[in-house]
Q: 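Provided herewith is a single structure, encoded as structure tokens, for subsequent inquiry.
Computation of the quantities below employed the complete heavy-atom set of this structure, encompassing side-chain atoms and omitting hydrogens, waters and symmetry-equivalent molecules. Sequence lines set the chain letters: A, B, ... in the order given, protein chains first and strands last, and positions in each chain run from 1.
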Protein chains: 2
Amino acid sequence: MRADYVTRPREQIAGVLRAEPRFLSAAEIHRALEQASARVSLSTVYRTLEYLRSKGDVTERLDEAGESTFMLCEPAHHHHHAICRVCGRVDDVSCAALGQIAESLRATLGFELDGHNMEFLGTCRSCR
Amino acid sequence: MRADYVTRPREQIAGVLRAEPRFLSAAEIHRALEQASARVSLSTVYRTLEYLRSKGDVTERLDEAGESTFMLCEPAHHHHHAICRVCGRVDDVSCAALGQIAESLRATLGFELDGHNMEFLGTCRSCR
DNA sequence: ATGATTTTGCGAATCGTTCGCAAATAAGGC
DNA sequence: GCCTTATTTGCGAACGATTCGCAAAATCAT
């Protein structure tokens, strides 16, 4: 069973995520921990990320190469991301047009929308 | 170098894609070929898919599990997909609002949009 | 502190994908 | 059609990310 034990590894992993507000791979997190002299196994990084994801504390994203990356997130309101290709910085973007899109899909295709993925790529202000 | 030899395996793989207008994994294509008594190696399936993708004949999509899937596509106009969760049927969706979104991102975030991913999931008319 | 339960670390296993290389096949000129 | 040359194929091995099994260590509640 899965419980909510507060452990050193979990705190350290959450700490790395808090320090870098962008999508990080398990390997990147593991490397960051090593550099901070925190000895946490890669398995634990994976398991903790899955744990945080199931709690809704973390968002998972597949990058272009198909690798999983993770970032802390506010599960509250649904939104999308504008991701800088240069530095990885992530800005939240709300999409007001979704209701209209759902309506249009139903009307033109008979398609019942129940989920979507959307993300925007480009260059953020400071990287320009 | 990469050339455009017309070979039996390439025709057979394209045939499978033509017969199933939805996103297929390399393994699914390989299985379909076996069932049709076409002996094509999995490596060749992968290589041919990459070849077709580089020609612009095929679109690649990472599914929820991070596996690559492929579908024939018209490279002509940019569009998005409405994918049925039940049967995998794919309908094209054009997104007229993109220009506005780009403008809004530039104005509010200073973000220079140069790419995006968008897909819509739900249930198609015939699966409802 | 003690005991019950969960988490960790380790290495091995798994799965999709890529690679190296020799054998087979296609294209073009004879 | 046959030969030459360049490309593609099949095979098995290698690879990288992720998962798993299990014994040891850590957490929580008493």
Q: H30(B) has an atom NE2; how far is it from atom P of dC15(C), in whole Å?
A: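 Going from H30(B) (NE2) to dC15(C) (P), I get 16 Å.
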
Q: Rounded to whole angstroms, how far apart are CZ on R47(A) and P on dC20(D)?
A: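 Atom CZ in R47(A) sits about 10 Å away from atom P in dC20(D).
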
Q: To the nearest Å, give me how far apart CG (L24(A)) and P (dT18(D)) are.
A: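 So the two atoms are 13 Å apart, to the nearest Å.
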
Q: Nearest-Å distance, CD (Q12(A)) to P (dT27(D))?
A: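 Roughly 11 Å, once rounded to whole Å.
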
Q: Roughly how many Å is it from CD in E34(B) to P in dG10(D), rounded to a whole number?
A: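 It is 12 Å, rounded to the nearest whole Å.
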
Q: Would you say L109(A) and C124(B) make side-chain contact, with heavy atoms under 4.5 Å?
A: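 No. Closest side-chain heavy atoms not under 4.5 Å.
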
Q: Could you pick out which residue, E67(A) or Y5(A), lies toward the 5' side of DNA chain D when each is mapped onto its nearest nucleotide?
A: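 Result of the comparison: E67(A).
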
Q: Mind telling me whether H116(B) and H78(B) have parallel, tilted or perpendicular rings, with 30° and 60° as the class edges?
A: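 H78(B) vs H116(B) ring planes: perpendicular.
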
Q: Salt bridge check, E50(A) against R47(A): does any charged N sit closer than 4.0 Å to a carboxylate O?
A: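 Salt bridge between R47(A) and E50(A), a charged N being under 4.0 Å from a carboxylate O: no.
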
Q: Give the rounded distance in Å between these two atoms: CZ of R39(A) and P of dC10(C).
A: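 Value for this atom pair: 8 Å.
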
Q: Check this for me, if you would: do D91(A) and R89(A) make a salt bridge, where the nitrogen-to-carboxylate-oxygen distance has to be below 4.0 angstrom?
A: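 Salt bridge present between D91(A) and R89(A).
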
Q: Any side-chain N or O of T7(A) below 4.0 angstrom from OP1/OP2 of dT8(C)?
A: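 Yes, T7(A) has a side-chain N/O under 4.0 Å of OP1/OP2 on dT8(C).
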
Q: Closest nucleotide of DNA chain C for S43(A) versus for Y46(B): which of these residues is on the 5' side?
A: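 Upstream on the strand: S43(A).
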
Q: Quick one: R8(A) CZ to dT27(D) P, roughly how many Å, whole number?
A: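 The distance from CZ of R8(A) to P of dT27(D) comes to 8 Å, rounded to the nearest Å.
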
Q: Check this one for me: any side-chain N or O of R10(B) less than 4.0 Å away from OP1 or OP2 of dT8(D)?
A: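 Yes, such a contact exists.
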
Q: Just wondering, do R61(A) and H81(A) contact through their side chains at under 4.5 Å, heavy atoms?
A: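 They are not in contact (no side-chain heavy atoms under 4.5 Å apart), so the answer is no.
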
Q: In whole Å, what is the span from the CG atom of D4(B) to the C1' atom of dA27(C)?
A: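 Roughly 12 Å, once rounded to whole Å.
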
Q: Which of these nucleotides, dT7(D), dG9(C), dG10(D), is closest to any side-chain atom of V40(A)?
A: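 Nucleotide nearest to V40(A)'s side chain: dG9(C).
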
Q: By the 4.0 Å heavy-atom rule, please label S25(A) as base, sugar-phosphate, or nothing.
A: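 If one applies the 4.0 Å heavy-atom cut-off, S25(A) turns out to touch nothing in the nucleic acid.
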
